[in-house]
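What follows is a single structure, written as structure tokens, with notes after it.
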Amino acid sequence: MSVEFIEPSNSPENSPKNLCLESTLKDLALFNFQVESSYLAKEVARFFQAHPLLPGVILTVNGEFLGMISRRRFMERMSRPYGVDIFACRPIIALYQIAQTDILILPGVALIVLAAQRAVQRPPELLYEPIVVQLEPQVYRLLDVHQLWVALSQIHQQATWFMSELYYNLSLTQSELEAANSQLRAANCELYRLANLDGLTQVANRHCFNEYLEKKWQELGEAAAEISLILCDVDFFKKYNDTYGHQAGDACLQQVAQAILAAVNYSTGEVSDETLVARYGGEEFAVILPRTSPEIAVWIAEKIRVWIKELEIEHINSEVCSLVTLSLGVASTFPRSPAAQKNLIAAADRALYQAKYKGRDRVILDFRF
């Protein structure tokens with residue numbers, strides 16, 4: 001077993017110094033705790049007990065990265081009725097295969113602010129799972145997500161303190177003050193961009209989607225104009241990740257996102273430039289189409305479906321075909337009460353479910369809303 005334990009501290013004297021917008025995950029305290037998948041679960045439990053801050057364990061097969069089990073999931077499985085009897089004397093891979101979940105893997109050179117953005121976009125049940133940091137090929141470490149929030153807070157405090165010092169320093173010249181103001185505006189613009197952009201796919205994130213839908217809902221309600229919503233899901237994406245690996249999965253999502261964006265932009269002759277493309281969560285994307293009828297929304301959805309297929313991304317374990325495909329659900333309405341906004345999302349979600357149920361790689365419009 002290969003073990004190197006680095007214990008981070010929340011105390012200021014042991015925390016990374018001088019963090020800024022350009023600081024990366026390599027600048028943070030990382031855990032290196034990895035075992036071969038054949039190692040017994042009871043031995044891993046002893047290490048967790050001996051090191052209460054250890055957030056998880058990296059599993060390897062013949063020295064190559066297999067995956068990660070968080071401390072929380074490990075202890076949850078072991079503490080269930082008969083959990084110790086079932087897993088304690090079995091290889092850790094047996095527990096991993098049952099407790100396995102989506103893992104966020106980021107390169108060591110990833111900016112802390114972008115990493116925090118990626119982490120917070122995960123589903124609620126995965127929000128506090130540790131992040132796997134890849135420093136170089138086959139060199140992985142664990143980052144406690146709490147340390148990420150602490151680092152992000154330090155970056156914000158450092159920037160605030162720096163600008164306060166600049167403003168209250170009476171010895172500043174006019175040109176220096178103008179330069180400081182320019183840097184502050186640039187930093188604020190960058191932080192706003194990062195807060196609304198999905199770091200992986202470079203389309204809008206879920207936070208931006210929620211805010212934009214709320215804004216357009218109010219505007220279109222006052223104008224008595226229609227709004228349509230498309231929800232898209234990559235078919236059998238978990239099987240894609242299992243077949244090709246998480247890095248290939250990330251590359252696939254990047255291509256899919258840009259193809260959706262391109263397909264929507266191609267349709268600008270038919271739809272307003274108010275359209276927003278966003279990553280809705282995981283392998284799911286959303287398209288907000290203000291002032292768009294259901295007929296046009298279905299046409300755009302079909303254009304997206306075809307463009308994704310024309311990417312010809314291989315997916316040998318898909319149950320649809322040998323290429324990556326999308327299932328899409330469409331819904332439209334005239335905004336009225338705030339409660340109806342949730343109904344629009346629910347209708348698009350129902351249509352997406354029907355598209356999957358009827359064989360995937362298709363567009364379904366929900367007529368009941």
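These numbers come from a predicted model, not from an experiment.
Donor-acceptor pairing under 3.5 Å is lacking for the side chains of Ser327 and Asp233. Side chains of Gln218 and Glu214: a donor-acceptor N/O pair is present below 3.5 angstrom, by distance only. Remark: the Glu64 side chain and the Gln138 side chain contain no N/O donor-acceptor pair separated by less than 3.5 Å. Side-chain contact check for Ser228 and Thr292: no donor-acceptor pair (N or O, by modelled atom type) lies under 3.5 Å. For the residue pair Glu274 / Tyr212, no side-chain donor-acceptor distance below 3.5 Å is found, with atom types taken as modelled.
Atom CZ of residue Arg206 and atom CZ of residue Arg122 lie 15.5 Å apart, to the nearest 0.5 angstrom. Remark: Leu66 CG to Glu36 CD distance equals 9.5 Å, nearest 0.5 Å. In this structure, Trp217 CH2 and Leu344 CG are separated by 5.0 Å, a value rounded to the nearest 0.5 Å. Between the OG atom of Ser37 and the CD1 atom of Ile93 there is a distance of 4.0 Å, given to the nearest 0.5 Å. Here the straight-line distance linking atom CG of Leu142 with atom CD of Glu129 works out to 10.5 Å at 0.5 Å rounding. Expressed to the nearest 0.5 Å, how far CG of Asp198 lies from OG1 of Thr201 amounts to 3.5 Å.
A salt bridge does not link Arg362 to Glu302: none of the charged side-chain nitrogens sits closer than 4.0 Å to a carboxylate oxygen. Electrostatic pairing of Arg360 and Glu319 does not count as a salt bridge here, judged by no charged N lying under 4.0 Å from a carboxylate O. The existence of a salt bridge linking Arg279 and Glu284 is excluded, since no basic side-chain nitrogen approaches an acidic carboxylate oxygen closer than 4.0 Å. Here Glu76 pairs with Arg80 in a salt bridge; the nearest charged N to carboxylate O distance falls below 4.0 Å.
Outside the 6.0 Å centre-distance limit, the rings of Tyr280 and Phe285 are not counted as a close aromatic pair.
Across all non-hydrogen atoms, the minimal contact from Glu226 to Leu220 is O-CD1, 3.8 Å.
Relative ring orientation between Tyr240 and Tyr244 is described as tilted, the plane-to-plane angle lying within the 30° to 60° band. A tilted orientation is assigned to the rings of Tyr266 and Trp307, their planes being inclined by 30° to 60°.
When side chains are defined from C-beta on, Val330 does not count as touching Asp366, because their heavy atoms never get closer than 4.5 Å. No side-chain heavy atom of Val44 sits less than 4.5 Å from a side-chain heavy atom of Leu95.
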